[in-house]
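Written out below as structure tokens is the structure these notes cover.
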2 protein chains.
Amino acid sequence: MKTTQIGNAWKGAERCENCAIRHLVLFSDLQKSDFDQIHQPIDDISYKPGSIVYGQSDHMEFVYTIRSGLVKLVQYLPDGNLRIVRILGQGELLGIESLNTQVAEHKAITLDPVQLCRIPHSVITLLQQNSPGIHNALIARWQKMLNMADLWITQLSTGKIRTRVSRLLLLLSKNSLDDTFYMPTREDIGNILGITTESASKVTAEFKRNGWLKLLENNHAQVDENKLEI
Amino acid sequence: MKTTQIGNAWKGAERCENCAIRHLVLFSDLQKSDFDQIHQPIDDISYKPGSIVYGQSDHMEFVYTIRSGLVKLVQYLPDGNLRIVRILGQGELLGIESLNTQVAEHKAITLDPVQLCRIPHSVITLLQQNSPGIHNALIARWQKMLNMADLWITQLSTGKIRTRVSRLLLLLSKNSLDDTFYMPTREDIGNILGITTESASKVTAEFKRNGWLKLLENNHAQVDENKLEI
DNA sequence: CATTATAATTGAAATTTTTCAATGTAATTT
DNA sequence: AAATTACATTGAAAAATTTCAATTATAATG
């Protein structure tokens, strides 16, 4: 975990102001004067694949903007079982729920090399008082999260396994910028769909045999969207 | 569908101000001066069980506060299949997502006799500009929705059917104010859990035979929480 | 109250999914 | 490059779930 301080007590958030992906993040609507209010350091942190950003029930003092990479949100059942409830990517906010409760609802684990900006709760609170634009940015994130959660229920937890694996791969493919996408491990596919690792493997192996799914370097893959959509 | 106008162009929202469940609804934090800004009518509407409040993809100009009763949110898959993604009760907001997009993400159907307050989007927009308290009230609803959605994924879409039916009944029971709760039809249980009506029936019938579930008048029921928790 | 319609239950067979154990493959370390 | 480790695949049997068809119970209606 490598940390670079983006702003600090005297420099404020000038680097946020000029951030290459600012249009994608929470601060897109802010003005220069808004940035001048920020006096807490906003750190830019790099994570290796498989790193735990925070754990379920952790006390939280930060939220995290994803600059690049993918993060899975995992939730545990009382019996120790778990389910992956979302996968978040660039521009999305980790730990948004902790702004109100100070507690993380999920465990957040990086899937690939990830860069996050760590924003203190106090920065958000301050902006909420003085920079009304931040509200819409936050609500937009809530809305996106809820849409994704509903999609998880409707598309990924309903129907036969083959259908659900198809829907997941299509989703990953269509959300990707190029024609390849991050291919989760079979275990993760299982935990996304609520099925066993073996069942996930049987279906993905079948798709590969059919030529509908091609595995590439670096945990990436490519699908024939037309074939899977049937 | 019986409508009573709560406020109107000249009376404003004085009845909202004195609403018996105001502490539970979106307007809990508002001051007298806030209510004085409201000049659009807020109607109080009664629905019979099984009424459609709005449909998926409907153009929306209102959100709805639940004064009493239960409402299910249904989402359709492209193939015509459907899933119930949430059940909402007193104090919760229907159509919150339409505040940003003007479009309903779900079909909303009443489960029992329901009373709703229909609030024009314009009222919320106005309050967002002048009454900062409304933001927290809205965010609290987003957060509750997302918690419920995650719970639906983790608890209700994971595991064997018997476990999932147990979890659902426990959830309904624990969210209820008294020791009875609204018992969904077996078809609805199926659409909540993503299983067939028959499977839902087989398990609930078994619970009844075991004496763990008792059906009462009026689509209500009671469970032995200790037995189901095993 | 009798009738009709709707919802719930049940059982047996078919299908799907999991389980368990073994093997194959790929990536990483020594 | 060999050894080790982790991940992926496969097959057969067991278990869970769906399907389909029939029956029973409950609610709604004239």
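Chain identifiers are assigned alphabetically (A, B, ...) following the order of the sequence lines, protein sequences preceding nucleic acid strands; residue numbering begins at 1 within each chain.
Contact annotation: the side chain of A:Asp150 approaches that of B:Arg86 to within less than 4.5 Å [non-hydrogen atoms, C-beta and beyond]. Side-chain atoms of B:Arg83 and B:Leu77, non-hydrogen and from C-beta on, never get closer than 4.5 Å to each other. Using a 4.5 Å heavy-atom threshold, the side chains of A:Leu73 and A:Leu94 count as touching.
Of all nucleotides listed (C:dT9, D:dT19, D:dT10), D:dT10 comes nearest to the side chain of A:Glu198. Nearest nucleotide to the B:Ala205 side chain, out of D:dT9, C:dT10, C:dT18: C:dT10. Of the candidates D:dT18, D:dT19, C:dC20, D:dT18 carries the atom nearest the B:Ile161 side chain, counting heavy atoms from C-beta on.
Using bins of under 30°, 30° to 60° and over 60° for the plane-to-plane angle, the ring pair A:Phe207/A:Trp212 lands in the tilted bin.
Atom-to-atom, CD1 of B:Ile195 to C1' of C:dT15 comes out at 17 Å; the value is rounded to the nearest Å. The distance from atom CG of B:Asn219 to atom P of C:dA7 is 11 Å, rounded to the nearest whole Å. For the pair B:Arg162 CZ and D:dT17 P, the interatomic distance rounds to 8 Å; values are reported in whole Å. The CD-C1' distance, from B:Glu206 to C:dT10, rounds to 13 Å in whole Å. The separation between A:Lys202 atom NZ and C:dC20 atom P is 12 Å, rounded to whole Å. Counting to the nearest Å, the P atom of D:dA8 and the CD1 atom of A:Ile189 are 8 Å from each other. Between the CG atom of A:Leu111 and the C1' atom of D:dC7 there is a distance of 16 Å, rounded to whole Å. If you take CG of A:Leu215 and C1' of D:dA8, they are 10 Å apart, rounded to a whole angstrom.
Contact check, A:Arg209 against D:dT10: a side-chain N or O comes under 4.0 Å of OP1 or OP2. Taking 4.0 angstrom as the limit, B:Arg186 places a side-chain polar atom (N or O) nearer than this to OP1 or OP2 of C:dA8. Under 4.0 angstrom from either OP1 or OP2 of D:dA8 there lies no side-chain N or O belonging to A:Ser201. For C:dT18, one of the phosphate oxygens OP1 or OP2 lies less than 4.0 angstrom from a side-chain nitrogen or oxygen of A:Ser199. For the pair A:Thr204 and D:dA8, the criterion of a side-chain N or O lying under 4.0 Å from OP1 or OP2 is not met.
Between the base of C:dT10 and the side chain of B:Lys208 there is no donor-acceptor pair shorter than 3.5 Å. Side-chain atoms of B:Lys160 stay outside donor-acceptor range of the base of C:dT19, with no qualifying N/O pair under 3.5 Å.
The local environment of CD in A:Glu187 is sparse, with at most 12 non-hydrogen atoms from other residues, nucleotides or ligands closer than 6.0 Å.
Residue contacts shown for A:Thr185 are limited to sugar-phosphate atoms, with no base heavy atom under 4.0 Å away. Residue A:Thr197 is classed as having no contact, given no heavy-atom separation below 4.0 Å to the nucleic acid.
Side-chain atoms of B:Arg164 and B:Ser199 include no donor-acceptor pair closer than 3.5 Å.
Nearest-nucleotide positions on DNA chain C place A:Arg164 closer to the 5' end than the other of A:Arg164 and A:Glu217.
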